[in-house]
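Counting starts at 1 for both ligands and their atoms, in listed order. Hydrogens, waters and symmetry mates play no part in the numbers below; they use all other heavy atoms, side chains included. All figures in this text were calculated on a predicted structure; none of them were measured in a lab.
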Amino acid sequence: MYEPVAHALLNEILDELSHQVVREDLRHFYTRLGANFYAIYSLFSHLYGQRQDFKPQIIHLTERLARAYIARPERLRQLDTEREKNHDWFISQEWVGMAIYLNGFAGNLNGLLERLPYLQELGINVIHVMPILRCPRGASDGGYAVSDFRDIDPRVGTLSEIQTLAEVMQSYGMLLTLDVVVNHTSNEHEWAQAACAGHAVYQDFYYLFPTRDVPDMFEKTLPEIFPENAPGNFTWVPEINQWAMTVFNNYQWDLKYSNPAVFIEMLDVILFWANQGADILRLDAVAFLWKKIGTASQNEREAHLILQLMKDCCQVVAPGTLFIAEAIVAPSEIIKYFGEDAVIAKECEIAYNATFMALLWDAVATKNARLLNRGIKSLPSKLDRATWLNYLRCHDDIGLGFDDADIRACGYEPYAHRHFLVEWFTGVFEDSPASGRPFGVNAKTGDARIVGTLASLVGLETARQANDEPAISQAIALILTLHAMILSFGGIPLLWYGDEGGTCNDYSFLEDDNKSNDTRWLHRPYIDWTQVERRHDSGTIEQQLFDGLKRMIAIRKNIQVFADFNNRELIDVPNPHLFVFLRSHPSVIANSVLVIANFDTKPQHLALADLSTNARAIFRYGQVQDLISNMAPALFNEVLIIPPCHFYWLSGQSSNRLT
Ligand code: GLC
Ligand code: GLC
């Protein structure tokens, strides 16, 4: 958009830049800056327009953009232009991801290079390497307390090794995802250290208060994220006699985005990692970026403006780089992290589908899909050029953030239902085979979350210990069915390392003082690679899981309707144990795939007459087959039979089949 004030300012800035910056071909930079400048200017003035130093700050911001563009390697600039031409590239069904803790999975960066063939064997082509930046040697919240945003933790490697990794991955057609922990730094970061030493400029990077007045006001409405380990949201800093805002752990200081210098520095960090070759940046804890007294200080409008500004600036320098929003919040709020009122994501192209994840776990515990169906119905549809990250487990806990109204509509009482889920997954409930643990138990509110590996949560750990073959088979079926859901729902599936081999809880964290009080370490395992080798031995648990997943991944990549074009029809069926949806091509119904999952431990049935017209249509094209088994599903007098904990991917089209 053309707007005279912004345009005049842009001319002034460009004039200045042409004196300072080396002359090289900045054509792409200038066209993108021209296209985005009005948006950048408006957002920046929304956030910082009332400040005296507004103009020097926006000049500074633009100069940083130019410098980051100049530093961008040619290889990545080319990738930018390719991706601009094919701007839907990440919506494709061809992407399948895995998130890993480097030390647990491969030891270090060089180890990961050696493990790439293993990931390729499974079909993984997006890798999220969990935080590997310099962090405190003691507790570091699994690397989420960053001490230097531009340096790799020497325990895992060097900056040049990550550049090599990025290049090798690109040559293999794999995408690299890295975290940018935008909300806070560790108390060992040089900004925090300078603040402690009394430097006013850096004290203004954080929320610091000399008395309890403001902190006490905040505390009235701020929830506690880690009520057991880090109660309260402020930490006393004796060096300067002030309270620092620390929403997460007491060594994680929240950054003050009301200071434009903080925004500019953090944007520079984002661009730095884009320039190191990260294809996707996971922006951590984005819901928390703006604090306001009298609110929960999550999902504030300004947090969204900051993300929009980050996106607009990143598009000028590194338009091929995508953002993932890590906002584990209510469904109606999550969707806003794509950016509202637009077809194209104005904030993050990808968001964690925490709603789907938690609902799947509800279906596991209740053995029915009532809340799952209800909750998915309430999930607003996403923008066209945006997609979900669908996952079952990750490095964090499972929160039970369902909508209370949805829980009630299913005939449960919200408090009792959540209590049941915690009891189920921690194995307290009678007959539950799960061996998870509680996390984030808050005595004041009665809230609790759940931790544990996927295998342990579905009962594989218990079944293995008891050598109970039928229970082992059931757990395997359930693990595969759950993965089939994230592989077919629409979005990028993100597996958690270890789940592909049925890795159970890892209790070794209990021996480490820096970890023992945070049960999330239970599901951040050290992989036993001799056990992984058993995937080559027919009939082992590892082989059944690995080969099952490998096949599903290969099939997914071949099925065009699994790409995420808002092409999912949720089908309400009378049998509450079933979750049923149709993925279809807008014009070619014959290519549709009907997905049916049975969450019960008994076989269930579904009359074809209960399907929607579109879903019934696939049965019109000759023999319907399950894409996984290449066989017709059990059908008795127009009634489908779905085995316990089993799923179908049904297609009427022979071209969908992978042999
Ligand atoms: C995110 C991370 C989590 C971390 C928190 C604070 O939620 O996923 O592991 O504890 O941010 O950085
Ligand atoms: C983030 C998430 C929350 C999670 C926490 C870390 O704040 O929003 O759900 O529990 O990180 O565990």
Point to revise | Under the salt bridge (Lys or Arg N to Asp or Glu O under 4.0 Å) test, residues paired with D362 that sit two or more places apart | key: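 Here no residue qualifies.
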Check your understanding: With sequence neighbours left out, what residues match E500 under salt bridge (Lys or Arg N to Asp or Glu O under 4.0 Å)?
Key ->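 Residues passing salt bridge (Lys or Arg N to Asp or Glu O under 4.0 Å) with E500: none at all.
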Check your understanding: Would you say M130 contacts ligand 1, with heavy atoms under 4.0 Å as the rule?
Key -> no
Exercise for review: Would you indicate which of D141, N249, N183 comes nearest to atom 4 (C) of ligand 1 when only heavy atoms are counted?
Suggested key: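 Comparing heavy atoms across D141, N249, N183, the nearest one to atom 4 (C) of ligand 1 lies in D141.
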Could you list the atoms of ligand 1 found under 4.0 angstrom from a heavy atom of [X]?
| X | answer |
| --- | --- |
| F248 | 5 (C), 6 (C) |
| H395 | 2 (C), 3 (C), 8 (O), 9 (O) |
| H184 | 6 (C), 12 (O) |
| E326 | 1 (C), 7 (O), 8 (O) |

Point to revise | Whether over 12 other heavy atoms sit under 6.0 Å from R155 CZ | key: yes
Review point. Heavy-atom contacts under 4.0 Å between F226 and ligand 1: side chain, backbone, both, or neither?
Key: side chain
Review point. Is there side-chain contact between F234 and E219, with at least one heavy-atom pair below 4.5 Å?
Key: yes
Practice item. Just do the ring pair (Phe, Tyr, Trp, His ring centres under 6.0 Å) check on F248 and Y144 with the steps written out, would you? Key: CA-CA 10 Å; F248 292 89; Y144 281 100; 9.0 Å; no
Point to revise | Mutual orientation of the aromatic rings belonging to F205 and W191 [parallel < 30°, tilted 30-60°, perpendicular > 60°] | key: perpendicular
